[in-house]
There are 4 protein chains.
Amino acid sequence: MDIVEFSPETEQLTWTFGGAAPVRRVRPGSLLRLWTEDAFSGRLRSTEDLASASLNMPFVNPQTGPFYVEGAEPGDTLALHFVELTPARTWGASATIPFFGGLTSTDKTATLQDPLPERTWIYEVDTEKQTVGFQAQGSDFEVALPINTMLGTVGVAPAAFEVRSSLVPDYFGGNMDTPEMKAGTTCYLRVNVEGALFSVGDGHYRQGEGESCGTAVEGAMNVVMLVDLIKTPGPAWPRLETDDYLAVVGSARPLEDAWRAGQVDMVGWLSELYGLDKLDAYQLLSQVSEVPLANVVDANYSVVTKVPKRLLPNAEVYGGIHAQLRGIKS
Amino acid sequence: MDIVEFSPETEQLTWTFGGAAPVRRVRPGSLLRLWTEDAFSGRLRSTEDLASASLNMPFVNPQTGPFYVEGAEPGDTLALHFVELTPARTWGASATIPFFGGLTSTDKTATLQDPLPERTWIYEVDTEKQTVGFQAQGSDFEVALPINTMLGTVGVAPAAFEVRSSLVPDYFGGNMDTPEMKAGTTCYLRVNVEGALFSVGDGHYRQGEGESCGTAVEGAMNVVMLVDLIKTPGPAWPRLETDDYLAVVGSARPLEDAWRAGQVDMVGWLSELYGLDKLDAYQLLSQVSEVPLANVVDANYSVVTKVPKRLLPNAEVYGGIHAQLRGIKS
Amino acid sequence: MDIVEFSPETEQLTWTFGGAAPVRRVRPGSLLRLWTEDAFSGRLRSTEDLASASLNMPFVNPQTGPFYVEGAEPGDTLALHFVELTPARTWGASATIPFFGGLTSTDKTATLQDPLPERTWIYEVDTEKQTVGFQAQGSDFEVALPINTMLGTVGVAPAAFEVRSSLVPDYFGGNMDTPEMKAGTTCYLRVNVEGALFSVGDGHYRQGEGESCGTAVEGAMNVVMLVDLIKTPGPAWPRLETDDYLAVVGSARPLEDAWRAGQVDMVGWLSELYGLDKLDAYQLLSQVSEVPLANVVDANYSVVTKVPKRLLPNAEVYGGIHAQLRGIKS
Amino acid sequence: MDIVEFSPETEQLTWTFGGAAPVRRVRPGSLLRLWTEDAFSGRLRSTEDLASASLNMPFVNPQTGPFYVEGAEPGDTLALHFVELTPARTWGASATIPFFGGLTSTDKTATLQDPLPERTWIYEVDTEKQTVGFQAQGSDFEVALPINTMLGTVGVAPAAFEVRSSLVPDYFGGNMDTPEMKAGTTCYLRVNVEGALFSVGDGHYRQGEGESCGTAVEGAMNVVMLVDLIKTPGPAWPRLETDDYLAVVGSARPLEDAWRAGQVDMVGWLSELYGLDKLDAYQLLSQVSEVPLANVVDANYSVVTKVPKRLLPNAEVYGGIHAQLRGIKS
């Protein structure tokens, strides 16, 4: 197995899906050991570092990549399996940012109100207890929360000659911000350009569903992942597989459209896997789906449609590649 | 303890929140043993019974109630605790209905396309295995799914002289269609009119999050519940408490507004419970919330914001009434 | 011709569509001379009267009515023609109201931000120049704006046993807040209950499209109108006819659904009037419609789809009733 | 005055905002005589040419440009004034395209319904009468409609390293599809990259507000326009000026966000022009704005907020450049 190690220098960070030259070429079947910078580009290091003074737009949400996958052609299915996601710093950061987030007006949901105050929270990592520490700033409340590492951003280059900011989630993946993107998950993405040009970033030590304030417990991450390529047609929207679930992530605005897009793709997926017609698959989905929000704060909102494997007969999903990838030890 | 038994005759069913005379007066602390008709008013009994021919609008989603709660005054908090929800028939039904549901155009998300075909599915209840049986109609696929009983509709009379169809979820509860409304849950609702005038209905033997096709495994239900009254200000949106979670259900369109409403209420609730200021509560919620969809098909869409109790210090919630009600045996 | 004069006493004002006893019975063909109170119930009379201190919820947007139309049965078409709308006071008022309006967060588009400040503006009516005077409060800017009287609220009782606040626009009309509801307009509404039970209110001396801040130049109004009844099926959404336009008003959230609903109804209307199939009517509408916003602030948003008569051949609309009503002198 | 003539060869057409090399460098003050291909890339020439067979995605909505404006730096204001828009063919075309348009489900507003049928309409141009001819296909109805030429697409390269499809409207302009983009209009855009890199395309011989079916009367266009540069900060959203109106075009989803964005920008603009504080400008806008929809079909929806100059005192807008440009004869 090829093993690729890559820890970008600051000047190697990228800020888009598409439009950047690959940092490495990798063969299907490779194992990658990567380091990702946090979404704040490491600039929020104390509660004194407020977003509007410390961040340097548009240099946020840096990506590690893109990686050129040998043999990947438009229409193929790229499989990215996450083996380990480990905090690469002893602290994570979260912040309110003026006119950004779910419970404030924004540049698009625009109002005439003043922004919420800015505040930055630093969460100390307790490696032994596997927790991050929340400390209130307006009172002396504190609580240790379990670490649940995930990647906010996993994506490939878009189609139609587009280049999108790494802040955007869409059909090409990107900034979906779903806690389902964790160790043990395989992510299937349709390849849009030669080489797929995928990248990863935006590590979260922990995130609630919806990512209400717009930022999770953001932290640099050590990422171990496997890359594979399937020469069958890729999905319309990013699909996820874990030992327990099949899932589709739709991203759009308004939020119901993100849901609709993922649901329609899941109807198609269930139809294929179980030989159901469209109406039967719709009915079955109606009774078995679990639908946690991913984000309601990004350029598109993201919703996850999950189907629990335990409720359904075994099915051959993408040739059983998830189980194979799960069996590979890093 | 007062015990009230009530199983409505057909002509006693009600179709609205507000606007109907109470069927019983109950004292706080009472235990109710009720029977609820299914959302189809029992008219879909075989796969031959298609919705448009069999249903008689607006006589759908019948309510058992309303109940007048002695001493309940506008502004109070009504606590409804569900002790047992048991299927009252040996089968449940689900159906596609023309221009109703999440993956079709509707009267409001209107398009010029033809409706999806109508189809009715009958799910046989296996009491021993505690399953309902899904049978595909376009193929011979079948699968038994675990029974997870819940009530789609729990609500009080609205404010501002309004009378709303039992199909509507809003601040007064109503047709929220969340799987969280199950045995073991306490639902807190603000009282809007004297006597509160709550009713329940729309039993589901099982429902996926989002209720994609617009109907769950609909079935008549035997409901055992406790009614209590708290003379402190009721919540802006329906709140739920289980042994494991605090939750708020927001209902609105578009879907992000349902989410925003519930989230803002939860920020307020966390602030009260833990003495947090608004920004700290917002931050904490951002890292701990679980947000499953309830419905994306009704007159308003509903989203649940849940906070796991295990992540936070113990807190006194409504005077500890949930634990008390849990302790009462039916 | 029957002539009905009615100027409600304060205790005769009504606050809902549906749910109130009729104030008068009128025969089709009657002419009504009415007085309507302003949406603030006349409580904002100087710039010192701020909304949150002066308004008494839910006693806002009072209606004059309802009127029982003899012979009106569910399914019929009610035709309401406005002959004259004349300011009944020498001043109008407008105001910002906390968490109400289009450029602020609200109870549903909820955020954690502070509300905008409250302010009340008084517009003096200049009867000779037919203007209302805007006076800035943060500077000495002032400008006289032409009076364009209209009614914000025209509606019938809803179906399905519902009673809706007079703040709501929907398929039954209601608080649509469109400047198209002016003298010379005929409004067609589907009758939902015996007698139709229509009411009018919410006079505006002037309003911009969208009613951005949530309130127009609100003023008591003298209304002269004609009432007629057509025993053919009423429209799904309120339709308007003027000498120059056919129009449909859709009301829903999100705003695109308000648009879709009205557009689909207009496609059907054009199909009927000109014998077009659905696709041809869709195409024609795509090239001829004018689509001004009505409101983006109420419980539902409202959008008007207009088709200019000058672009299309003459057509017989509701038996030519608009021209007849236009010909009647008050 | 520099005069630049440019009629792109097929291989010179561009398909994005940003990401393409400039076809010409132009100096501020230049007059451009351009030819633009239609949005179908000229491939729909008869009613037999249906979209899915004839169009070659993503090669639609071709742009003429981009043009590099000498001296344009990020933050500047680019002024584009349209002098003449003249049909460059004797026919225009419109079409329904599967799962594209306002009254059908789409890839994002996804449903399980079948698409609407495809149909293509050809509109013959009558140069003398200045009309285009609509011919129904399901009946023998026909009508001649006045030509109202406009450009659907006018935009600059986006910021943040992005490249966007020419189908997208956003803060950088692009595919706004507003009938206000006609001869006599000056469009102000913020410059995001050196040289601005603007392009134009998507000529419409006529379009209804909203562009319901997703396509206007699409036609190749001869464009005469003036380019100028203002070294003051450019607007957040595209602004338009005509002899009669000031306008802002907001683009977003859902539609209310497109409206909010444009309205907030207009509040700021009125504040600047008339020395009003935010609340006074909000109030004034509420009573004077005209708000026609532009499109409800593109990747973002677009809404125009217009303020009639006749209602307000004269104001100095961008140094009076509109009047200057209007005075220049081509």
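Naming convention: chains lettered A, B, ... in sequence-line order (proteins, then strands); numbering from 1 in each chain.
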Is chain B contacted by the side chain of [X], its backbone, both, or neither, given a heavy-atom distance below 4.5 Å?
| X | value |
| --- | --- |
| C:W259 | neither |
| C:S165 | both |
| C:F17 | neither |

Give every donor-acceptor pair under 3.5 Å between a side-chain atom in residues 268-275 of chain B and any protein atom, sequence neighbours left out.
from, atom 1, to, atom 2, distance (Å)
B:S271, OG, B:V267, O, 2.8
B:S271, OG, B:L276, O, 3.4
B:Y274, OH, B:P313, O, 2.7

Over 12 non-hydrogen atoms of neighbours within 6.0 angstrom of CD in B:E194: no
Within residues 98-109 of chain B, contacts to chain C at heavy-atom distances under 4.5 Å involve B:D107, B:K108, B:T109
Within residues 282-291 of chain B, contacts to chain C at heavy-atom distances under 4.5 Å involve B:Y282
Interface check, chain C: of B:L279, B:L112, B:V264, B:V168, most non-hydrogen pairs under 4.5 Å belong to B:L112
Residue, of [options], that accumulates the most heavy atom pairs under 4.5 Å with chain B:
| options | value |
| --- | --- |
| C:K278, C:Q263, C:R164, C:M57 | C:R164 |
| C:F59, C:W15, C:F161, C:W237 | C:F161 |
| C:V163, C:T111, C:N300 | C:V163 |

Quick note, salt bridge (Lys or Arg N to Asp or Glu O under 4.0 Å) partners involving residues 246-270 of chain C, not counting sequence neighbours, are C:R239-C:D265, C:D257-C:R260
To the nearest 0.5 Å, atom CG of C:L167 lies from atom CD of B:E162 at 8.5 Å
